[in-house]
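A note on names: the letters A, B, ... follow the listed sequences, proteins ahead of strands, and every chain is numbered from 1.
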Amino acid sequence: MSNEIVYGFSDCRFGDIIVARTEQGVCDLQFLDFNRLETIHELAERWGEYTPTTQDDDMAHTVSRVAFGQLNHPLQLDLRGTAFQLRVWQEVLKIPFGQTRSYQEVAEAIGEPTAVRAVATAIAQNPIAVLVPCHRVIHSDGTYGEYHWGRDLKRRLIEWEKAQVNKNQQ
DNA sequence: GAGTGCGTATAAG
DNA sequence: CTTATACGCACTC
């Protein structure tokens with residue numbers, strides 16, 4: 001198994017993104033809008049042991065198009081985390097495009113109804129934004145809740161998805 | 001063992 | 001809107 005990762009930059013309607021992938025699949029997707037250098041540094045910290053890294057913006061562009069619905073193509077993901085984190089992320093992956101779930105519902109779905117806060121922490125650690133749709137997990141009372149890149153981006157992602165679904169139904 | 005966090009519920013300013 | 005209390009649990013140090 002190779003220790004090589006490929007990263008690249010791309011953009012989408014919500015801003016610039018960085019994408020990384022291993023031999024196994026996409027391992028990282030983050031927005032760069034507000035903290036470009038910090039985000040790149042975070043990726044280097046997380047995947048630093050995987051060398052050498054090569055840049056491939058075409059790869060990033062393809063992933064971006066899949067993530068934002070312009071390209072219907074299955075993407076292999078390379079999710080790495082604790083057993084608990086993987087259970088949470090797998091559950092989040094089940095949330096359909098255009099829908100939302102509460103942190104409470106996700107906790108119940110994995111059989112840990114009292115671990116709501118831990119579920120939220122795990123979701124906050126999600127390394128693959130959008131593809132693992134942690135933006136679709138909101139508060140029980142319907143408010144949007146926190147997001148790494150701000151509540152406003154979370155709100156725009158959710159509303160854009162709902163608009164897309166409505167458009168396709170008409 | 002202590003501190004932390006993308007929550008929830010309730011209460012209060 | 002914000003702060004405060006309590007509950008709960010994975011995770012870090």
Rounded to whole angstrom, note down the C1' distance from B/dC6 over to C/dC13. 22 Å
By the 4.0 Å heavy-atom rule, please label A/F84 as base, sugar-phosphate, or nothing. sugar-phosphate
Which nucleotide sits closest to the side chain of [X]: [options]?
X      : options             : result
A/R117 : B/dC6, C/dC9, B/dT8 : C/dC9
A/T121 : B/dG5, C/dC9, B/dG7 : B/dG5
A/E146 : B/dT8, B/dC6, B/dG5 : B/dC6
A/C134 : C/dC9, B/dC6, B/dT8 : B/dC6

Check: A/Y103 side chain, B/dC6 base, donor-acceptor under 3.5 Å: yes
Pair of N/O donor and acceptor under 3.5 Å linking C/dG8 base with A/T114 side chain: no
Without decimals, in angstroms, what is the distance between [X] [atom1] and [N] [atom2]?
X      : N      : atom1 : atom2 : value
A/Y144 : B/dG7  : OH    : P     : 15 Å
A/R136 : B/dG7  : CZ    : C1'   : 20 Å
A/E91  : C/dA10 : CD    : P     : 16 Å
A/Y147 : B/dG5  : OH    : P     : 19 Å
A/Q104 : C/dC7  : CD    : P     : 17 Å
A/E108 : B/dT8  : CD    : C1'   : 11 Å
A/E105 : B/dG7  : CD    : P     : 15 Å
A/N126 : B/dC6  : CG    : P     : 13 Å

Rounding to 0.5 Å, atoms OG1 (A/T62) and CD (A/Q70) come to a distance of 11.0 Å
Compute whether any side-chain donor of one residue and acceptor of the other, for A/E108 and A/Y103, lie under 3.5 angstrom apart. no
Without hydrogens or angle criteria, can the side chains of A/Q55 and A/D57 be said to hold a donor-acceptor pair below 3.5 Å? yes
Determine, using the 4.5 Å side-chain heavy-atom cutoff (strictly less than), whether A/I158 and A/Y147 are members of one ILVMFWY cluster. no
By nearest nucleotide on DNA chain B, pick out whichever of A/S102 and A/V119 is the more 5' one. A/V119
Just name whichever nucleotide pairs with C/dT12, Watson-Crick or G-U, keeping both distances under 3.5 Å, else none. B/dA2
Identified pairing partner of B/dT10, criterion: Watson-Crick or G-U wobble below 3.5 Å: C/dA4
Between A/Q24 and A/R80, is there a side-chain heavy-atom distance shorter than 4.5 Å? yes
